[in-house]
J.: 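This structure is in structure tokens; I'll ask about it shortly.
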Amino acid sequence: MEMDKLVALCKRRGFLFQSSEIYGGLNGFWDYGPLGVELKRNVKEAWWRDMVAGHDDLATLPGAPGPYAMTGLDCAIIMHPQVWKCSGHYDLFHDYMVDCRESKKRYRYDQVQGRWVEAKGQRIFVAVPSGEKEDEQIEQRALKYFNLRAKHAEELHWDGPVVSLTTVKDFSQVLGPDAKELGTLTPPREFNLMFKTTVGALGGEEDVAFLRPETAQGIFVNFKNVIDSSRVRIPFGIAQMGKSFRNEITPRYFTFRSREFEQMEIEFFCHPRQSPEWYRYWRDRRYAWYVGLGLAGERLRLRDHSPEELSHYSCGTADIEYAFPFLAKGEFGELEGIAHRGDFDLRSHMEGKLVRKGNELVVEMGPDGKPRHKGSGKDLSYFDDQTRERYIPHVIEPSAGADRATLAFLCEAYCEDKVPDENGKLTERVVLRLHPRLAPIKAAVFPLVNKDGMPEIAQKLYRELKREFNVFYDDKGAVGRRYRRQDEAGTPYCFTIDGQTLQDNTVTIRDRDTLKQERLPLAEVAHRLHELLR
RNA sequence: GCGGGUGUAGCUCAGUGGUAGAGCGCCACGUUGCCAACGUGGCUGUCGUGGGUUCAAGUCCCAUCACCCGCUCCA
């Protein structure tokens with residue numbers, strides 16, 4: 001499937017529009033149209049129902065170590081700036097970058113390493129991107145620059161150890177990591193990956209706040225509130241859906257990498273001893289969720305991260321990925337990450353921003369010997385009344401992208417097939433084979449023709465169904481055309497009132513995927529639709 | 001941020017300096033008896049945006065915005 005065709009369909013049928021389109025659009029922002037808003041709502045509602053509202057607190061679900069509770073939360077998008085300092089986002093999202101005019105490459109300012117060297121009467125700073133065997137790389141680059149053979153390496157006079165580019169004031173004598181000439185690096189420029197805003201009408205620098213780059217932190221900072229107010233006991237999860245914002249350098253791939261996006265996140269709190277089991281449970285449970293809603297083919301995969309890939313605080317992470325059509329063959333894009341985060345988050349908000357030291361997480365210290373970012377100082381540990389044990393819970397985080405899931409469902413659903421026309425000749429058809437739970441319109445109601453009382457009966461059925469379902473009434477043009485229009489919108493069922501209805505009160509139900517038609521009594525339509533949408 | 005490509009009707013696209021086009025869709029009326037292709041009529045455009053060159057610009061030049069591809073980035 002070519003992505004262009006899906007993008008065109010999304011626009012034509014009102015799934016997705018470019019944001020602010022009449023003013024030329026805005027990079028990285030998208031609007032959901034009349035059909036898109038229903039689809040995305042259905043994705044989110046399916047998630048909330050399956051994970052939270054419909055969760056059985058009493059049962060031990062297949063694969064789970066035991067019963068658990070689920071509860072929800074809806075936090076403010078703007079939180080105290082200290083939240084982001086302790087979570088690590090402030091430092092990580094606050095990068096300085098340098099560009100190379102010659103190689104057109106971009107580097108993190110603080111990650112470029114290099115060493116001063118003098119030869120042939122010239123003193124230059126030889127840079128390499130941080131990595132392995134920096135010394136070796138630097139020497140090779142220096143030899144090459146001065147046009148020396150390896151056996152003449154002693155002509156290179158090193159001045160000091162390998163240091164960061166941040167120690168260099170003037171870049172005119174710097175040999176960039178991929179450059180052949182000196183002085184090709186631009187001055188460092190600040191990249192704010194968090195959206196900055198100001199709280200209060202007169203706000204100055206000290207009133208700076210950030211739009212949240214993830215919903216998770218709102219859950220951590222409310223952990224104690226939920227414990228104290230809801231009688232939940234560990235193990236339990238807190239779920240939240242909502243907008244997040246990241247000032248991506250390169251928004252790309254339709255809605256896949258947007259600057260404003262919606263997340264569906266769970267923070268699941270459990271005893272440290274049980275956390276590996278819960279991690280595996282959530283990984284498999286979340287994968288099965290996508291499969292159940294139609295991403296069943298080879299385009300969906302569950303990928304465990306390799307140890308090198310793991311974040312500094314994580315002891316296990318898996319991605320649920322989808323082979324989006326805009327990616328290169330063999331490449332997958334992330335729909336959801338399931339991370340074992342240990343006690344990193346709760347401890348950070350207690351003690352302050354943490355860093356890894358050996359095998360331990362310790363509070364990162366600033367140059368003044370005090371914590372670089374001070375925590376709340378509140379006790380976020382948990383006391384188990386039954387075992388008389390106090391501990392900081394470990395956290396399993398299934399973090400999903402609502403827009404990415406919506407896009408994946410659209411990509412998977414898009415299908416061009418051939419169906420017979422009135423003469424039995426095969427004609428092209430565009431159909432969205434969306435799972436009935438996700439379909440924006442659940443059913444359409446048609447009078448076969450606009451006479452003999454058919455419209456009256458059809459309208460009555462439409463009104464009855466509309467009370468419970470998003471249904472659509474259409475009496476325009478030939479009925480075949482109406483079926484095709486619904487196919488493009490992904491509507492799974494069509495009910496048609498025809499001549500026979502007038503005699504025996506039965507209607508036809510037409511299936512989007514098989515095109516099969518079946519008669520059923522008018523009075524049973526609502527009941528049947530209920531069953532089909534389950 | 002860099003390089004390449006693209007931008008014309010709701011959609012897909014034609015239009016190589018001289019009156020703005022086609023197909024599909026959409027709307028109305030008629031027709032209608034189950035899978036888009038019946039008839040008649042109709043609506044649709046600051047040619048992405050802003051400047052410039054020219055008697056004349058959709059077309060040439062400059063800038064800018066957006067989308068696609070490749071770098072870069074992606075806790």
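The analysis underlying the following values was restricted to heavy atoms, covering all of them including side chains, and did not include hydrogens, waters or symmetry mates. Chain letters run A, B, ... following the sequence lines, proteins first and then strands; every chain starts at 1. In this text, all values refer to a predicted model and were calculated from it rather than measured experimentally.
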J.: With C1' as the reference atom in both, quote the distance from B/G50 to B/G10 in angstrom, rounded to an integer.
T.: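 The same atom, C1', in both gives a distance of 26 Å.
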J.: Between B/A56 and B/G51, how far is it from one P atom to the other, in whole Å?
T.: 16 Å
J.: With a distance cut-off below 6.0 Å to the six-membered ring centre and an angular limit of 45° from the axis, does A/R404 pair with A/F256 as a cation-pi contact?
T.: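 Judged by the rule, A/R404 and A/F256 form a cation-pi pair.
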J.: Taking pairing as Watson-Crick or G-U wobble with both contacts under 3.5 Å, can you name the mate of B/A56, or confirm there isn't one?
T.: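 Check on B/A56: unpaired, no WC or wobble geometry under 3.5 Å.
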J.: Mind checking the P distance from B/U49 to B/A9? Whole angstroms is fine.
T.: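 Taking atom P in both B/U49 and B/A9, they lie 10 Å apart.
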J.: Can you check the distance between B/C38 and B/G23, where both ends of the measurement are the P atom (answer in whole Å)?
T.: 14 Å
J.: With both distances kept under 3.5 Å, what pairs with B/C67, Watson-Crick or G-U wobble?
T.: B/G5
J.: RNA chain B: A/L327 or A/K476, which has the more 5' nearest nucleotide?
T.: A/K476
J.: How many Å lie between CG on A/L35 and C1' on B/C11, as a whole number?
T.: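 Roughly 15 Å, once rounded to whole Å.
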J.: Does the structure place the NZ or CZ of A/R510 under 6.0 Å from the centre of the six-membered ring of A/F495, at an angle of no more than 45° from the ring's axis?
T.: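 A/R510 over A/F495 ring: no.
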J.: Between B/C74 atom C1' and A/D319 atom CG, what is the distance in whole Å?
T.: 12 Å
J.: Nearest-Å distance, CZ (A/R252) to P (B/G1)?
T.: 15 Å
J.: Taking a pair as Watson-Crick or G-U wobble with both distances under 3.5 Å, which nucleotide is matched to B/G41?
T.: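 Partner of B/G41: B/C27.
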J.: Distance check needed: B/C24 P versus A/R485 CZ, whole Å only.
T.: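 Going from CZ in A/R485 over to P in B/C24 covers 15 Å.
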J.: Looking for any heavy atom pair under 4.0 Å, which part of the strands does A/Y23 touch: base, sugar-phosphate only, or nothing?
T.: nothing
J.: With heavy-atom distances below 4.5 Å as the criterion, would you say the side chains of A/S399 and A/E336 are in contact?
T.: no
J.: With both distances under 3.5 angstrom, what nucleotide forms a Watson-Crick or G-U wobble pair with B/A75?
T.: none
J.: For A/F326 and B/C67, what is the distance between atoms CZ and C1' respectively, to the nearest whole Å?
T.: 14 Å
J.: How would you summarise protein contacts on nucleotides 33-42 of chain B per nucleotide, using B for base, S for sugar-phosphate only and - for none, with heavy-atom distances below 4.0 Å?
T.: BBBBB-----
J.: Only one of A/D4, A/L410, A/L432 forms a side chain to side chain contact (heavy atoms under 4.5 Å, CB included) with A/L9, so which one is it?
T.: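 So the option named by the test is A/L432.
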J.: Taking the six-membered ring for Trp, are A/Y90 and A/F210 parallel (under 30°), tilted (30 to 60°) or perpendicular (over 60°)?
T.: perpendicular
J.: Can A/E262 and A/K243 be counted as an ion pair, charged N to O under 4.0 angstrom?
T.: no
J.: Base, sugar-phosphate, or nothing: which does A/G28 touch, judged by heavy atoms less than 4.0 Å apart?
T.: sugar-phosphate
J.: Name the residue from A/S19, A/S258, A/P251 that meets the side chain to side chain contact (heavy atoms under 4.5 Å, CB included) definition with A/W30.
T.: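 In the set A/S19, A/S258, A/P251, the residue that makes a side chain to side chain contact (heavy atoms under 4.5 Å, CB included) with A/W30 is A/S258.
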J.: Taking syn as within 90° of 0 and anti otherwise, name the glycosidic form of B/G33.
T.: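 Syn, since the glycosidic angle lies within 90° of 0.
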J.: Expressed in angstrom and rounded to an integer, what is the separation of A/E334 atom CD from B/C73 atom P?
T.: 18 Å
J.: If you define the side chain from C-beta out and look only at heavy atoms, does anything of A/P371 sit under 4.5 Å from A/M365?
T.: yes
J.: Going by purine N1 to pyrimidine N3 plus the second Watson-Crick contact, or the G-U wobble pair, all under 3.5 Å, which nucleotide sits opposite B/G17?
T.: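 Paired with no nucleotide.
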J.: With rounding to the closest Å, how many angstrom separate the C1' atoms on B/C65 and B/U53?
T.: 23 Å
J.: Rounding to a whole Å, what distance do you find between A/N247:CG and B/A75:C1'?
T.: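 So the CG-C1' distance, A/N247 to B/A75, works out to 15 Å.
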J.: If we call it a pair only when both distances are under 3.5 Å in a Watson-Crick or G-U wobble match, what pairs with B/G33?
T.: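 Pairing partner: none.
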J.: With a 3.5 angstrom cut-off on both distances, give the Watson-Crick or G-U wobble partner of B/C47, or none if there isn't one.
T.: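 Paired with B/C47, as far as the under-3.5 Å criterion goes, is no nucleotide at all.
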J.: Of the candidate nucleotides B/A66, B/C69, B/C73, which contains the atom at the shortest distance from the side chain of A/L26?
T.: B/A66
J.: Distance between the P atoms of B/U8 and B/G1, in whole angstroms?
T.: 25 Å
J.: Establish, with yes or no, whether the OP1 or OP2 oxygen of B/C67 is under 4.0 angstrom from a side-chain nitrogen or oxygen of A/N27.
T.: yes
J.: Grab the CZ-P distance between A/F254 and B/A66 for me, whole Å please.
T.: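 Result: 17 Å.
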J.: Does a salt bridge link A/E21 with A/K11, judged by any charged N lying under 4.0 Å from a carboxylate O?
T.: yes
J.: Tell me which nucleotide among B/A66, B/U32, B/C74 gets nearest to the side chain of A/N450.
T.: B/U32
J.: C1' atom, B/U72 versus B/G4: distance in rounded Å?
T.: 15 Å
J.: Could you tell me how far B/G41 sits from B/U46 if I compare only their P atoms? Round to whole Å.
T.: 27 Å
J.: So, using side-chain contact (heavy atoms from CB on, under 4.5 Å) as the criterion, who are the partners of A/P492 when residues are at least two apart?
T.: A/P436, A/A439, A/R512
J.: Is it the case that the side chains of A/Q113 and A/S164 hold a donor-acceptor pair, with the cut-off being a distance below 3.5 Å and no angle test?
T.: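 Looking only at side-chain atoms, A/Q113 and A/S164 do not form any donor-acceptor pair under 3.5 Å.
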J.: Of all of residues 9-17 of chain A, which get a heavy atom below 4.0 angstrom from RNA chain B, listed by number?
T.: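 A/K11, A/R12, in order of number.
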